[in-house]
Amino acid sequence: MAVKRKSQKSYQKTYENAKAYYTHGGAAYNIDPLEEERPQKRPPKTKKTNKKMVMQGRANRAYSIKIALVLGVFFCGTLAFMWSSALVTAQRVETQKYKDKLAELKSENSLLALDVAEQMDLDTVKKIATEKLGMVEPQPYQIQYIDVPEQSYTIHYKDETEKPEEKDSENALVRTIVGLFKKE
């Protein structure tokens, strides 16, 4: 049998491809050589492709800057929200402290008002005056009555805020409208 010999290069290719498929034993598989994918040659760079690449790079940078700005604004907004929430919480705590203090002062004030009312009782005043201060009731000859003439009495005047009613219909309408908005 005459075997046709292949060129030296084809044997080298077959040998290189066969290295990848090692078999144990004496029988070798019939392996067809794989076509190697060779990188295609780049077309020569022209000014148009350079400009396209530059424009693409600029577009990528602009997109990156936009994303960074959006993230920065979002981050700042989140910080502002957290800051305002913290301020509101601090004000709420301070307000609660003042409310507690107010409730305490009101209870103390009511206790003091009760104490004052108790001390203003005429029986209590008489008891303190006689026991603690050593006072005694006046004798009948020590009491003197005086007559106060009527001219000295206090005279109550009419309230000046009350105005006499006017019969003019326009003024009555104006008074009615103003009366609706007055606080009573």
Side-chain angles (χ1 to χ4, degrees), residues 42 45 47-184:
R42 290 185 183 174
K45 291 184 180 180
K47 289 185 179 182
K48 287 184 180 179
T49 55
N50 283 340
K51 284 183 181 180
K52 282 183 182 179
M53 290 176 61
V54 168
M55 294 299 284
Q56 185 67 30
R58 286 182 183 169
N60 287 344
R61 274 186 248 124
Y63 182 73
S64 299
I65 290 172
K66 286 178 185 177
I67 294 293
L69 286 175
V70 167
L71 290 176
V73 168
F74 178 74
F75 182 72
C76 290
T78 304
L79 284 179
F81 176 75
M82 289 173 52
W83 180 260
S84 66
S85 295
L87 288 177
V88 168
T89 303
Q91 288 293 326
R92 190 177 298 135
V93 167
E94 189 174 342
T95 302
Q96 188 60 41
K97 285 180 186 177
Y98 286 130
K99 283 182 179 179
D100 293 343
K101 180 86 172 175
L102 179 65
E104 181 182 319
L105 290 173
K106 280 185 177 181
S107 68
E108 184 180 334
N109 197 13
S110 64
L111 288 174
L112 290 174
L114 181 66
D115 190 34
V116 166
E118 185 179 287
Q119 288 180 0
M120 292 303 289
D121 182 32
L122 290 178
D123 293 333
T124 308
V125 170
K126 186 176 182 180
K127 184 178 178 182
I128 292 173
T130 55
E131 292 178 6
K132 288 187 179 178
L133 300 175
M135 297 176 123
V136 292
E137 294 229 12
Q139 299 297 323
Y141 68 89
Q142 294 174 328
I143 299 174
Q144 291 186 356
Y145 294 99
I146 57 169
D147 290 326
V148 178
E150 270 188 50
Q151 295 172 350
S152 297
Y153 292 143
T154 306
I155 301 173
H156 292 281
Y157 292 102
K158 212 176 197 184
D159 192 10
E160 292 180 10
T161 58
E162 295 179 18
K163 295 181 179 177
E165 291 189 32
E166 298 174 7
K167 294 184 180 179
D168 193 19
S169 63
E170 292 175 359
N171 288 340
L173 179 63
V174 171
R175 277 187 283 115
T176 306
I177 292 172
V178 171
L180 293 174
F181 295 107
K182 277 188 178 178
K183 290 183 181 179
E184 293 183 19

Tell me, please, which residues at least two apart from [X] pass side-chain contact (heavy atoms from CB on, under 4.5 Å).
{"X": "Ile67", "value": "Tyr63, Leu71"}
{"X": "Glu131", "value": "Lys127"}
{"X": "Gln96", "value": "Lys99, Asp100"}

Discussion item. Just so I know, are the side chains of Lys97 and Val93 near enough to count as touching, which here means a heavy-atom distance under 4.5 Å?
Written reply: yes
Practice prompt. Flag yes if more than 12 heavy atoms outside Gln142 fall under 6.0 Å of its CD atom; otherwise flag no.
Written response: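 More than 12 within 6.0 Å, yes.
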Practice prompt. Would you list the pairs meeting salt bridge (charged side-chain N to carboxylate O under 4.0 Å, His left out) in which at least one residue belongs to residues 55-76, sequence neighbours left out?
Written response: none
Worksheet item: Can you list every side-chain hydrogen bond (donor to acceptor under 3.5 Å, both in side chains) pair that touches residues 78-89, not counting sequence neighbours?
Response: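 Pairs touching residues 78-89 that pass the test: none.
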Item to complete: Measure the NZ-CG distance between Lys106 and Leu102 for me, rounded to the nearest 0.5 Å.
Response: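 If we round to the nearest 0.5 Å, Lys106:NZ and Leu102:CG are 4.5 Å apart.
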Item to complete: Could you tell me the separation between the OG atom of Ser110 and the CG atom of Asp115, rounded to the nearest 0.5 Å?
Response: 11.5 Å
Item to complete: Could you pull out all residues at least two apart from Lys126 that satisfy side-chain hydrogen bond (donor to acceptor under 3.5 Å, both in side chains)?
Response: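 Only Glu137 meet the side-chain hydrogen bond (donor to acceptor under 3.5 Å, both in side chains) criterion with Lys126.
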